[in-house]
Trainee: 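Dropping the structure in here first, questions after.
Below, all heavy atoms of this structure are taken into account, side chains as well, without hydrogens, waters or symmetry copies. Atoms within a ligand are numbered from 1 in the order they appear, just like the ligands themselves.
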Amino acid sequence: MGEMQAPPGPIVCVVGARPNYMKMAPLLHAFRATPALPGVLLVHTGQHYDVAMNERLFADLELPAPDLNLGVGSGSHAVQTAEVMRRFDAVVDDIVPCCVVVVGDVNSTLACSLVASKRGVPVVHVEAGLRSYDRTMPEEINRVLTDQIADVLYTTERDALRNLEQEGIALERVAFVGNLMIDALLAHKARAHAPHTTLRNAGVEASFLEHAEGFGVVTLHRPSNVDDPDALGEAVALLCDVARRIPLVWPVHPRARANIARFGLATALERAPIALLQPQGYLEMLGLLADARLVLTDSGGIQEETTALAVPCLTMRENTERPITVAHGTNTLVGRDRARIEACVDDVLKTGGKRGHVPELWDGRAASRIAAHLAAWLATRVPRTGHSLA
Ligand code: UD1
């Protein structure tokens, strides 16, 4: 008789930063509802740690508290990535996962993929193949490298497959499953908080939402917009101009808030019809986005959410890794170009702005497709034994 095979370890699911949570929540629920899959362990690297960036979103998304929090915190890219690797290495050692599931493109995504792959643990990357083709974006480096070492790659749009093919990735490793972000949106939309409640809770006067044109929503946090004084100064001046035509609600990311103060831009903003809020929960944000006339953002996820909600999105970047939102959705790339922004705002106020349709498979069922595919994939694998480089 051969040796008894050890039962497969759990699936280790990794989150690190805010945009990971809305993808992992539907996935965890689907994994737990799939009897063919092994157990699931949720690991939080601690890349994001503020209550506003974490606990509120976990509660809104009905994400269980992480089984482990590695408490890594902020730091330079090198320090943060290295620290996640060091701490996640010990987790892989202890747990011996059957696979590690990572989502998106944050530093934690790459760090945990590297650790798992070097220990022979299969890496599953959700939201694979997105490319901005802009290597000055830290996320682009994370995307390219994670996809290279991933064993299973789940994509949200067909362009992603072409990007992966160009980078020599074997297509049998890739499955087009749809968009987890939209699973979360559809699951929670009915419970979204009304904007007037969100603004009242933030101490903003009720009259703010009584403007004849409605309101717009702003989010900015990319280093290319908020880390350089000239860039952030330009962005703030543009937003103040837009706000003269339609009032703006801006939940301010900690990175942007720190730099607004540091570069002396707070006074200009406070004088404009712009409500500056703390980072909001998922249900508050969903309510704001759903009711907005337009959204100005540099976020990746919000480009997708506005396309699903049919709200015009002006993306303050020169490129996007999510071209389907421009080709099929409501997204327009405007950078920090005054003329482009003015033309888009004109169009929104006169005609309602760009219309689009919801992309293929953004139907709320991405998580169950992934769970079914992963169960079949794990079942075909010969369990590895003793594969460790330690
Ligand atoms: C990270 C991701 C980015 C994602 C964004 C969403 C990378 C490379 N970047 O960027 O892709 O779109 O999260 O928010 O992974 N800070 C706090 N509290 C927190 C977390 C951060 O105050 O809970 C402050 C710290 O001063 C920190 C700064 O924000 O230095 C930046 O945080 P960091 O995690 O390095 O990057 P983000 O800009 O949040």
Trainee: Nearest to atom 2 (C) of ligand 1, what protein heavy atom do you find, and at what distance?
Mentor: V106 CG1, 3.8 Å
Trainee: Describe, in one word, how the ring planes of H188 and Y282 are oriented to each other, choosing from parallel (under 30°), tilted (30 to 60°) and perpendicular (over 60°).
Mentor: perpendicular
Trainee: For atom 16 (N) of ligand 1, what is the closest protein heavy atom, and at what distance to 0.1 Å?
Mentor: Y49 OH, 3.5 Å
Trainee: For N107, is at least one N or O under 3.5 Å away from an N or O on ligand 1?
Mentor: yes
Trainee: Only heavy atoms count here, so choose which of H221, Q80, H48 is nearest to atom 39 (O) of ligand 1.
Mentor: H48
Trainee: If you take the nearest heavy atom of each of E140, R222, H253, R18, which one is closest to atom 14 (O) of ligand 1?
Mentor: H253
Trainee: Side-chain polar contacts of residues 203-211 - donor-acceptor pairs under 3.5 angstrom, sequence neighbours left out - could you list them?
Mentor:
{"residue": "H211", "atom": "ND1", "partner": "E213", "partner atom": "N", "Å": "3.0"}

Trainee: Where is the nearest protein heavy atom to atom 18 (N) of ligand 1: which residue, which atom, and how far?
Mentor: D50 OD2, 2.9 Å
Trainee: Please identify which atoms of ligand 1 are closer than 4.0 Å to at least one heavy atom of S74.
Mentor: 21 (C), 25 (C), 27 (C), 30 (O)
Trainee: Using a strict 4.0 Å threshold on nitrogen-to-oxygen distance, state whether E139 and R135 make a salt bridge.
Mentor: no
Trainee: State the atoms of ligand 1, each with its element, that fall below the 4.0 Å cut-off from a heavy-atom position in P19.
Mentor: 4 (C), 6 (C)
Trainee: Do you know which of V72, L110, T45, V115 makes side-chain contact (heavy atoms from CB on, under 4.5 Å) with M85?
Mentor: V115
Trainee: In residues 34-41, what donor-acceptor pairs under 3.5 Å come from side-chain atoms, sequence neighbours left out?
Mentor:
{"residue": "T34", "atom": "OG1", "partner": "A30", "partner atom": "O", "Å": "2.7"}

Trainee: For the rings on H44 and Y49, is their centre-to-centre separation under 6.0 Å?
Mentor: no
Trainee: Among R257, M53, R255, E139, which residue places a heavy atom closest to atom 29 (O) of ligand 1?
Mentor: R255
Trainee: Tell me if the aromatic rings of Y154 and H373 count as close, with their centers under 6.0 Å from one another.
Mentor: yes
